[in-house]
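FYI, the numbering just counts along the sequence from 1. For clarity, every value in this text was computed on a predicted model and none was experimentally measured.
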Amino acid sequence: MRYNQENTPFIQKEQIPARFSRQDVLRDAAAKSRRYADTNRATILSNTARNKSYITFKTRSGDVKRVEALLWGMDKDFVLLRSGMFLPLRSILEINHS
């Protein structure tokens, strides 16, 4: 699923909220699998070629935001950004590689 990038507010890494919903923003198993693969690829590109990614995510209040960041690591639950911020995988709607 592609999100309208023009209407999605872009924020700095330091402005990422600390609290997120406990519910996954994606319902479809195929979409969750695609998100995991995209996140893994973005992490590899960040660590080998220093490519930043655009991460579209949903906050606890339901607002959709975008951030540009290098991904340093990931596991099945979280993504670690270069700034030291953890972003729950369940909050990510989409990752685009730059």
Give the minimum heavy-atom separation between [X] and [Y], together with the two atoms involved.
X     : Y     : result
Leu71 : Ala42 : CD2-CB, 4.0 Å
Ala69 : Lys13 : CB-CD, 3.8 Å
Pro88 : Phe78 : CA-CD2, 3.7 Å

Could I get the full list of side-chain contact (heavy atoms from CB on, under 4.5 Å) partners for [X], not counting sequence neighbours?
X     : answer
Tyr36 : Met74, Leu89
Gln12 : Phe10, Glu14, Gln15
Ala37 : none

(request) Show your working on side chain to side chain contact (heavy atoms under 4.5 Å, CB included) between Ser91 and Lys58 and close with a plain yes or no. (result) CA-CA 5 Å; Ser91 69; Lys58 190 177 275 192; 5.5 Å; no
Hey, what do you get for [atom1] ([X]) to [atom2] ([Y]), rounding to the nearest 0.5 Å?
X     : Y     : atom1 : atom2 : answer
Lys32 : Arg27 : NZ    : CZ    : 7.5 Å
Ile16 : Ile55 : CD1   : CD1   : 6.5 Å
Ser46 : His97 : OG    : NE2   : 9.0 Å
Thr56 : Lys65 : OG1   : NZ    : 12.0 Å
Glu68 : Tyr54 : CD    : OH    : 4.0 Å
Ile92 : Leu87 : CD1   : CG    : 4.5 Å

(request) Would you list the pairs meeting side-chain hydrogen bond (donor to acceptor under 3.5 Å, both in side chains) in which at least one residue belongs to residues 69-85, sequence neighbours left out? (result)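 Those involving residues 69-85 do not exist here.
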(request) Report yes if the side chains of Asp28 and Leu26 come closer than 4.5 Å at any heavy-atom pair, otherwise no. (result)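 They are not in side-chain contact.
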(message) Would you say that Arg19 contacts Arg60 through its side chain, given a criterion of any heavy-atom pair below 4.5 Å between the two side chains?
(response)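 Yes, side chains in contact.
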(message) Do Phe86 and Phe20 sit in one hydrophobic cluster, given that two such residues count as connected whenever their side-chain heavy atoms are within less than 4.5 Å of each other, even indirectly?
(response)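 Shared cluster, no.
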(request) Only counting residues at least two apart or in another chain, list the ones meeting side-chain hydrogen bond (donor to acceptor under 3.5 Å, both in side chains) with Thr59. (result)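 Thr59 satisfies side-chain hydrogen bond (donor to acceptor under 3.5 Å, both in side chains) with Ser61 only.
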(message) Taking salt bridge (charged side-chain N to carboxylate O under 4.0 Å, His left out) as the definition, give me every residue that meets it alongside Arg35, ordered by chain and number, with sequence neighbours left out.
(response)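 Once residues adjacent in sequence are excluded, the partners of Arg35 under the salt bridge (charged side-chain N to carboxylate O under 4.0 Å, His left out) criterion are Asp24.
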(message) Can you confirm whether Arg41 is buried at CZ, in the sense that more than 12 heavy atoms of other residues, nucleotides or ligands lie under 6.0 Å from that atom?
(response)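 No, not enclosed.
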(message) The test is side chain to side chain contact (heavy atoms under 4.5 Å, CB included); show your working for Leu81 and Leu70 and say whether it passes.
(response) CA-CA 6 Å; Leu81 305 181; Leu70 288 170; over 6 Å; no
(message) Using a 3.5 Å distance criterion without hydrogens, assess whether the side chain of Arg34 forms a donor-acceptor pair with backbone atoms of Glu94.
(response)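 It does not hold such a pair.
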